[in-house]
2 protein chains.
Amino acid sequence: MKIAEVSEKYGISTDTLRYYERVGLIPPVPRNGSGIRDYGDTEAKRIEFVKCMRNAGLPIEVLIEYFDLAQQGDATLAARKALLTEQRDLLLARIAELQATLDLLNYKIEVHVNALLKNEREIAWVED
Amino acid sequence: MKIAEVSEKYGISTDTLRYYERVGLIPPVPRNGSGIRDYGDTEAKRIEFVKCMRNAGLPIEVLIEYFDLAQQGDATLAARKALLTEQRDLLLARIAELQATLDLLNYKIEVHVNALLKNEREIAWVED
DNA sequence: ATAACACTTGGAGTCGACTCCAAGTCAAGG
DNA sequence: CCTTGACTTGGAGTCGACTCCAAGTGTTAT
């Protein structure tokens with residue numbers, strides 16, 4: 001798969017894909033005879049995972065660290081688990097915060113709806 | 001309340017508080033005789049709301065628009081409701097995404113835990 | 001075979017949201 | 001009176017994460 005196809009498939013710009021490779025978030029992608037990137041399944045899986053994690057706000061730095069550890073084999077299993085757990089906990093806390101804001105937003109909307117209804121009644125009364 | 005106290009109370013830097021005022025996210029704060037900001041309850045409430053919304057990722061621009069509308073009175077009630085509803089829906093979608101990533105993260109952690117347990121068993125077997 | 005087009009590179013530019021800085025003013029304590 | 005320390009201003013700098021650009025090479029269709 002060429003870069004344009006990968007970009008299309010995952011909704012990530014070609015610039016971003018190359019950028020990820022540059023900073024080490026994705027390992028060097030294999031090239032065909034004329035130096036053009038040829039993404040395979042391994043790459044695709046990695047990209048999908050990165051997309052998901054980035055979308056949830058995990059910093060690029062953290063992901064790089066994770067992949068660096070993974071690349072060192074079983075000796076780093078515990079460290080990787082710790083890293084993932086930390087990010088999981090941060091995410092959990094984040095979700096709780098967003099949920100709280102969601103509740104507030106819903107309450108505010110409710111208030112606006114009520115105000116609108118009240119206005120309608122008053123207009124009806126005036127026009128009667 | 002002086003700016004340092006507000007900063008302390010809400011965990012927002014004085015720089016950020018002044019920045020918010022500059023860009024119109026908070027209306028001009030009243031000053032005492034010598035030009036120093038004196039925050040009151042109205043200001044505090046606004047700051048708290050802004051903090052909550054910003055924390056949930058609502059862009060500054062959107063919040064400014066909301067306050068601009070609010071300042072124009074009842075005629076903008078419907079517009080404000082629409083704005084809030086749009087942001088609420090975005091937030092809802094965001095939470096769902098984060099939840100999906102959370103699930104994936106939990107699964108990954110599980111995989112690591114299993115690998116660790118397997119290693120332990122192997123070590124035990126070697127050392128027996 | 002020549003135009004059109006996807007790909008390559010390194011480096012510069014952009015964006016939102018702060019964050020820091022220099023230079024100055026003012027109130028209070030020793 | 002003089003220092004200390006919190007406050008003021010406008011403007012510049014930083015950060016993470018892209019995003020864009022110029023200049024060049026390779027592939028494909030007419």
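As the structure is a prediction and not an experimental result, all values here were calculated from the model. Quick note on labels: first sequence line is chain A, next is B, and so on, each numbered from 1.
- Residues from residues 31-48 of chain B lying near DNA chain C, meaning a heavy-atom separation below 4.0 Å, are B:Ser34 in numerical order.
- For the pair A:Ile3 CD1 and D:dT27 P, the computed distance is 17 Å after rounding to whole Å.
- Between A:Glu21 atom CD and C:dC7 atom P there is a gap of 14 Å when expressed in whole angstrom units.
- With sequence neighbours left out, the side chain to side chain contact (heavy atoms under 4.5 Å, CB included) criterion links A:Glu97 to A:Arg94, B:Asn55.
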Checklist entry - Using a cut-off of 4.0 Å between protein heavy atoms and nucleotide atoms, how would you tag nucleotides 10-23 of chain C 5' to 3' with B, S and -? => result BB-----BBBB---

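- Taking 4.5 Å as the limit, some side-chain heavy atom of A:Ile60 sits within range of a side-chain heavy atom of A:Tyr20.
- Considering only residues two or more places apart in sequence or on other chains, A:Arg37 meets the salt bridge (charged side-chain N to carboxylate O under 4.0 Å, His left out) condition with A:Glu21.
- Hydrophobic side-chain contacts under 4.5 Å tie A:Leu116 into a cluster, directly or through other members, with B:Leu77.
- Judged as a side chain to side chain contact (heavy atoms under 4.5 Å, CB included), and not counting sequence neighbours, the contacts of A:Thr101 are B:Cys52, B:Met53, B:Ala56, B:Leu91.
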In a table with atom names and distances, give each donor-acceptor pair under 3.5 Å that connects a side chain of residues 78-86 of chain B to protein atoms at least two apart or in another chain.
unit_1, atom_1, unit_2, atom_2, d
B:Arg80, NE, B:Thr76, OG1, 3.1
B:Arg80, NH2, B:Gly73, O, 3.0
B:Arg80, NH2, B:Thr76, OG1, 3.3
B:Thr85, OG1, B:Lys81, O, 2.7

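- We find that CG of A:Leu17 is positioned 15 Å from C1' of C:dT8, with the value rounded to whole Å.
- Look at CE on A:Met1: it is 18 Å from P on C:dA6, rounded to the nearest Å.
- The side chain of A:Arg18 places an N or O atom within less than 4.0 Å of a non-bridging phosphate oxygen (OP1 or OP2) of C:dT8.
- Every residue meeting the side chain to side chain contact (heavy atoms under 4.5 Å, CB included) condition with A:Lys2, not counting sequence neighbours, appears here in chain and number order: A:Glu5, A:Ile36.
- When the salt bridge (charged side-chain N to carboxylate O under 4.0 Å, His left out) test is applied to B:Lys9, no partner is found at least two apart in sequence or on another chain.
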